[in-house]
Each structure stands twice: as C-alpha cells, then as structure tokens.
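Scroll down for the structure; my scribbles are underneath it.
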Amino acid sequence: MPHIETDLELIEAVLGGDTKKYAILVKRHQKLVFSLALRYVKKREDAEEVAQDCFVKAYKALGTFKKTAKFSTWLYTITYTTAMTFLRKQRLDTHSIDGEEEYIQIANPDGSFDSNLIERKNISILLEESIQTLLPDDAAILTLFYKAEQSLEEIGATLGMHANTVKVKLHRARKRLKERLEMVLGNEVEDLI
Amino acid sequence: MITIEEKIWSYIDGTLSAKEQIEVETLLQTDPKAAMLYEELLGLNKELKGIELEEPSMSFLRNVMEEVNEQALPTPLKTKLDIRIIYGIAAFFVAALSGWLIYGVISSPSTSESTDPLFSINFDFSKLNGVFTNVVICTVSLALAGLILFFIDGKLKQNMTQKKGS
C-alpha cells in the first residue's frame, strides 16, 4: 500500500526544495478552498482568482507556518482574508454597491429558485442553492463545519470569531436553511429530508 | 433562551454535556413533536454532510503551479533568523578582535619600558622572536579569509537552491 504523505510531510519537502510536492497540497485542498471562496465572491471566475491567490500566498508564507497548527485551518484563514481583500478591492474599483445589490438579489426569496425546482426534487441542488442565499459568513460556517469537519473553535480561529458566535451563527444558518426548504417545498420537505 | 430546536441541533452535533444529553434524550422519548423534529433535523444534517464541494476548472492546478514556480523558494523562519543573527554576531566579534589584535601588534612598543594607554594588555614582543608575530598575523588572516569564503559558499548555495526551485 503506497504511503500517503501528510500535509506536514509535504510542507517539509517543499521547504527542503522539492516544490513539486506543493502540487499535491493544492490538489488535496483546492475543492474546499474554492468552495469557501465561492461562499463570499459568488462568481466562479472570481472565486478561482481568490483561490489561486490564496495558494500563492500560502506558498510564500510556508516558512512561517507553525507546525503545531493544522495546515487546513491556516489555509482557510488565508482564503477568508484573501476573499475579504478581493471584495474590498472590488468595491473600491466599482465605486458602487453592486456587490451588496447582488447579495440582496440572491437573498430574495422569490428570485433565487427557478420554476421547475420542485419538480426536480434534487435535494443536493436545492440545498446548495439554499446555502447560496444565506449570509456569506453563515454559508462559510456550514461549509467549514460539514465539509472541512472543523470544530467550532477552529472555525472561530479561521473567521476571527469566538466559538460561541460560530455556534450561534451555525444554528441560525441551519434554521434559515430549514425554513427556506419548507417555504420552497412546503410539506414535501419532510418527505425529502 | 435556548429553543428546543437549538438543543436538538447541539445533541446531533454532540456538543452537549452529559447532563444536557440525558435531558434531550428524555424529551425525545416523551414528546412526539420533539421526536419528529429530531428526525427532521437528523435528515437535514445527513444531507448537509453529503453536499458536494465545488470543483475549480481543469487548468486551476496548472495556473497555481505556474505562479508558484515564479516565486522564490520559501525558507523556514528559524533558518532565516539563525543565519542573520549568528553570522552577524560572529562576523562582528571576529572583525573587532582581529582589528584590535592587528592594531595592537603594529603599534606595540619594541621595548617593555614604554606603555600605551590604549591597551590594558601590554604586548611585550621583545621577549618573543619575530616568528611568533608572523604566526599570529598569519592565523588571523587565515581565519578572516576562511570566514569570507564560508560566507561566499553559503550565498552561492542559497542562489543554487533558489534557481533549482524556480
């Protein structure tokens, strides 16, 4: 059975001069970093730019990474700050509140689901679209909690919040998600879930 | 105030204390509405765990690695600190001691009677032959030359590693 190198082993190898090993780290974390970026910037091409920038930043700062921490937590923190910088820059560039308008549009309960959604009854797509309607922080918390399997403390460290705040936001996000599903599917939600 | 829904979510997440856990379990056994809600939330929890992550484009990895390869090789913070501090201190002391020694040798009196107030140690080379003086000067010069070569070697190695990385 081939030995699967841990994140720390790969980092040591990169710091030792084997830069090709960084590709393994990127491949391992790219989906989560990209998904997390997508929670904030919405457009796929922008999320890809944020994710790419995040991995380059992480590479440059790899020498400062404390090996006692989890690489993924460190990486998600970089993703979050990169996404925030991207959004700030975007707002400055456009000199408008387009981003906010876009969010309001997404959050509009009547506008974010297409007409034949109920017919499709695809819970995964429905859930994903429902998550998109949540506040970016709430959607990011759901992603980190369920897909990155991070604890409330780790999520707090990533997003610069207290663990209790994360817990409250997580509850709120799931409550809104359930309400949203009930609103779209009515009584069918019980059958689907 | 914590709602029943919040309590059930915490129960599903496993973040409740042993006492709270028993309380929720009792509630689920006695209250059919709460039990129904629990089933609902458990189903949603399962669905949330099963959500597929978004995948970036096919060229993503290549783009990242192209940009990464243009960067200098990252070095551990400890290494950076060690080189600057230790080499800096060593170079300063070696240079200061060598300068002091050379100056002392050159300006030391040829006889033991005369004294120089600059130095508390009086180099009395009159008791020693000229060979000793030559040996001291040669040793200091060799040490300095060795140190300079060591620095150049270190710099060249660093450059080679960076070129290899890029």
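Here is the naming used below: chain letters follow the sequence lines, and residue numbers restart at 1 for every chain.
- Note on ring orientation: taking the six-membered ring where Trp is involved, the planes of B:F60 and A:F55 are perpendicular (angle over 60°, cut-offs 30° and 60°).
- When heavy atoms are compared at a cutoff of 4.5 Å, A:L36 does not approach chain B at all.
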Yes or no on side chain to side chain contact (heavy atoms under 4.5 Å, CB included) for A:K169 and A:M161, after CA distance, side-chain angles and deciding distance?
CA-CA 10 Å; A:K169 280 177 181 275; A:M161 293 172 193; 3.8 Å; yes
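- With a threshold of 4.5 angstrom between heavy atoms, A:L177 approaches chain B through side-chain atoms but not through N, CA, C or O.
- The side chain to side chain donor-acceptor pair (under 3.5 Å) test applied to B:E52 returns no partner, not counting sequence neighbours.
- With respect to chain B, the highest number of heavy-atom pairs below 4.5 Å among A:K175, A:K31, A:R44 belongs to A:K31.
- From B:M65, atom CE reaches atom OH of A:Y59 across 7.5 Å, with rounding to the nearest 0.5 Å.
- Residues of residues 68-81 of chain A placed with any heavy atom under 4.5 Å of a heavy atom in chain B are absent; none qualify.
- Top candidate by heavy-atom pairs under 4.5 Å with chain B, chosen from A:L62, A:V26, A:L170, is A:V26.
- At a 4.5 Å heavy-atom cutoff, the contact between A:T143 and chain B is made by side-chain atoms alone.
- Using modelled atom types, one finds a donor on one side chain and an acceptor on the other under 3.5 Å when comparing A:E128 with A:Q132.
- Ion pairing between B:E40 and A:K178 holds under the 4.0 Å rule for side-chain N and carboxylate O.
- Of all heavy-atom pairs spanning A:Y22 and A:A58, the tightest one is OH-CB, 3.5 Å.
- Residue-level contacts of residues 4-24 of chain B with chain A, in order of numbering, are B:E5, B:E6, B:W9, B:S10, B:D13, B:T15; threshold 4.5 Å between heavy atoms.
- Remark: the A:R180 side chain and the A:S130 side chain contain no N/O donor-acceptor pair separated by less than 3.5 Å.
- In this structure, A:K147 has no side chain to side chain donor-acceptor pair (under 3.5 Å) partners at least two apart in sequence or on a different chain.
- No part of A:F65 comes within reach of chain B, as not one of its non-hydrogen atoms sits under 4.5 angstrom from that chain.
- Taking a 6.0 Å sphere around CD of A:E149, one finds it holds 12 or fewer heavy atoms contributed by other residues, nucleotides or ligands.
- For A:L32, the parts sitting under 4.5 Å from any heavy atom of chain B are the backbone and the side chain alike.
- By the 4.5 Å heavy-atom criterion applied to side chains, B:L48 and A:R174 are counted as neighbours.
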